[in-house]
Amino acid sequence: MSNSINSKHIFRNLNATSNTALTIGNFDGVHFGHQAILKQVTQVAKDRCLIPSVLTFEPHPREYFGVIGNRPELIPTRIQSLRDKVISLLSCGIEKVFIQRFNKITASMAPEAFIEEILVKGLKTKYLYVGEDFRFGYKRQGDFKMLKSYSEKFGFEIEFIEDILDKNEVRYSSSELRQALAYGNVGIAKEIMGRPYQVTARVIHGRKLGTDIGVPTMNMRVPQRFALRSGIYVVEVRGLSAGALPAVANLGIRPTVDSSGDVLLEVHILDRNIFSYGKIINVSFLEFIRDEEKFSSVEAMAIAIHQDIEKTKNYFKKYGI
């Protein structure tokens with residue numbers, strides 16, 4: 001999966017230059033259920049010479065309403081950064097990702113205006129693929145029935161998505177994926193997503209504390225309200241060499257050495273030191289080792305880190321890269 005995205009693929013203004021085959025959603029995680037939807041859209045686009053496209057929202061509408069209603073418990077944790085979401089969508093054959101800012105204007109838009117201004121005039125929709133329970137517009141007044149009637153008026157085809165079920169006849173969902181990540185169960189997350197859970201981000205400068213104790217790390221920011229459980233993980237790193245590199249990662253607030261409360265992802269590559277500042281790298285989470293904890297001293301923390309490194313080395317001896 002490439003780490004790169006550019007202006008050919010991502011649009012913050014909703015003005016398509018070509019007719020589109022479109023689906024709409026938040027697509028957090030781009031799991032197997034999402035992938036089946038995207039496969040349908042890309043196939044229809046290919047058959048009808050349309051551009052396979054996604055309309056998504058930033059922030060998540062539930063986040064917007066949770067903030068303005070002072071209901072933080074309603075805000076979903078974030079499975080992916082916008083960068084990772086777009087990368088995942090493009091890897092499924094989507095060519096254009098349109099990002100609608102979800103704000104007061106969007107929330108108050110009449111459903112009829114959403115159809116005419118955004119779907120028809122803005123995105124030049126000729127094929128629309130959405131869930132039968134899809135709701136849109138002010139107070140969620142728009143529904144599939146309304147879309148169906150307008151599709152006849154404006155000349156686009158609409159189909160509804162049937163539930164995509166896993167091997168246990170359970171519907172794939174971002175909620176199920178969030179629950180797995182909340183427990184640090186990256187194995188279940190892989191089953192839901194069809195690939196290891198990954199974070200792609202730019203390496204930033206840190207406080208060099210890892211270097212001081214002989215364990216240099218690459219530091220990366222993650223989204224606020226991140227879905228993955230804090231802790232120590234076995235990981236693989238891509239983007240710094242021809243292949244994947246074995247590594248160990250700490251996701252958390254680093255309570256032994258930092259009181260800011262900021263969540264950071266720190267990654268130590270095994271047995272080598274590579275210059276990485278400013279580079280965009282991809283981190284795949286393979287196994288949860290332990291929870292993050294506050295140690296009585298930096299020395300005690302260093303001992304625990306070296307134990308984590310040994311466990312990581314044993315993992316790769318057993319399973320390889």
Legend entry - Derivation of the salt bridge (charged side-chain N to carboxylate O under 4.0 Å, His left out) call for D28 and R78: CA-CA 7 Å; D28 203 2; R78 184 130 190 188; 5.2 Å; no

Legend entry - Stepwise side chain to side chain contact (heavy atoms under 4.5 Å, CB included) test for L22 and V54: CA-CA 6 Å; L22 183 74; V54 162; 5.6 Å; no

Inset, instruction - Quick one: do V199 and N282 satisfy side chain to side chain contact (heavy atoms under 4.5 Å, CB included)? Show the steps, please. - result: CA-CA 6 Å; V199 170; N282 176 274; over 6 Å; no

Inset, instruction - Walk me through it: do Q80 and Q198 pass the test side chain to side chain donor-acceptor pair (under 3.5 Å)? - result: CA-CA 8 Å; Q80 293 180 301; Q198 300 175 340; over 6 Å; no

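One finds a salt bridge joining R48 and E157 here, because a Lys/Arg side-chain nitrogen approaches an Asp/Glu carboxylate oxygen to under 4.0 Å. Salt bridge D163/R171: present, at least one basic N to carboxylate O contact under 4.0 Å. Remark: R178 does not engage E176 in a salt bridge, criterion side-chain N to carboxylate O under 4.0 Å.
Distance check, rounded to the nearest 0.5 Å: CD of E112 to CD of E116 gives 8.0 Å. Between the OG atom of S88 and the CZ atom of F27 there is a distance of 11.5 Å, given to the nearest 0.5 Å. Note that CZ of R101 is 10.5 Å distant from OH of Y64, once rounded to the nearest 0.5 Å.
Between the side chains of K126 and S151, no donor-acceptor pair is found at a separation under 3.5 Å. Residues Y127 and E159 bring a donor and an acceptor atom of their side chains to less than 3.5 Å of each other.
A side chain to side chain contact (heavy atoms under 4.5 Å, CB included) with I232 is found for exactly one of Q307, E293, R290, namely R290. For the pairing with F288, the ring-ring contact (aromatic ring centres under 6.0 Å, His included) check across Y233, Y183, Y197 returns one residue only, Y233. Across I161, T23, L128, L50, a single residue satisfies side chain to side chain contact (heavy atoms under 4.5 Å, CB included) together with V41, and that is T23.
Among residue pairs with one or both ends in residues 309-321, those qualifying as side chain to side chain donor-acceptor pair (under 3.5 Å) are D271-K313; sequence neighbours excluded. Screening residues 220-231 for side chain to side chain donor-acceptor pair (under 3.5 Å) gives R229-D291 as the qualifying pairs, with residues at least two apart or on separate chains.
With a 4.5 Å cut-off on side-chain heavy atoms, L264 and R254 count as touching. Within the 4.5 Å cutoff, the side chain of L123 has heavy atoms near those of the F98 side chain. Side-chain contact between E266 and H268 is absent, with no heavy atoms from C-beta onward closer than 4.5 Å. Within the 4.5 Å cutoff, the side chain of V203 has no heavy atoms near those of the N219 side chain.
Counting only distance, with no hydrogens or angles, the side chain of R135 and the backbone of D143 share no donor-acceptor pair below 3.5 Å. The backbone N or O of H31 sits less than 3.5 Å from a side-chain atom of H34, completing a donor-acceptor pair. Using a distance-only test at 3.5 Å, with no hydrogens or angles considered, no donor-acceptor pair links the side chain of S276 to the main chain of K279. At distances below 3.5 Å, not a single donor-acceptor pair connects side-chain atoms of R71 with backbone N or O atoms of G69.
V298 and I303 are members of different hydrophobic clusters when ILVMFWY side chains are connected at heavy-atom separations under 4.5 Å. In the hydrophobic cluster analysis, where Ile, Leu, Val, Met, Phe, Trp and Tyr join through side-chain heavy atoms closer than 4.5 angstrom, V170 is grouped apart from L177.
Heavy atoms of other residues, nucleotides or ligands lying less than 6.0 angstrom from OH of Y138 number 12 at most. In K124, the NZ atom is crowded: over 12 heavy atoms of neighbouring residues, nucleotides or ligands sit closer than 6.0 Å. Annotation for I105: atom CD1 does not count as buried by contact number, only 12 or fewer foreign heavy atoms lying within 6.0 Å.
M109 is linked by a side chain to side chain contact (heavy atoms under 4.5 Å, CB included) to A113, F114, I118, counting only residues two or more places apart in sequence or in another chain. The side chain to side chain contact (heavy atoms under 4.5 Å, CB included) check on V97 picks up T56, V86, L89, L90, I94, I99, with sequence neighbours excluded. Listed by chain and number, the residues in a side chain to side chain contact (heavy atoms under 4.5 Å, CB included) with Q43 are K46, D47 (sequence neighbours excluded). When the side chain to side chain contact (heavy atoms under 4.5 Å, CB included) test is applied to F160, the partners found at least two apart in sequence or on another chain are E132, F144, E162.
Taking the centre of each ring, H60 and F102 stay at or above the 6.0 Å mark.
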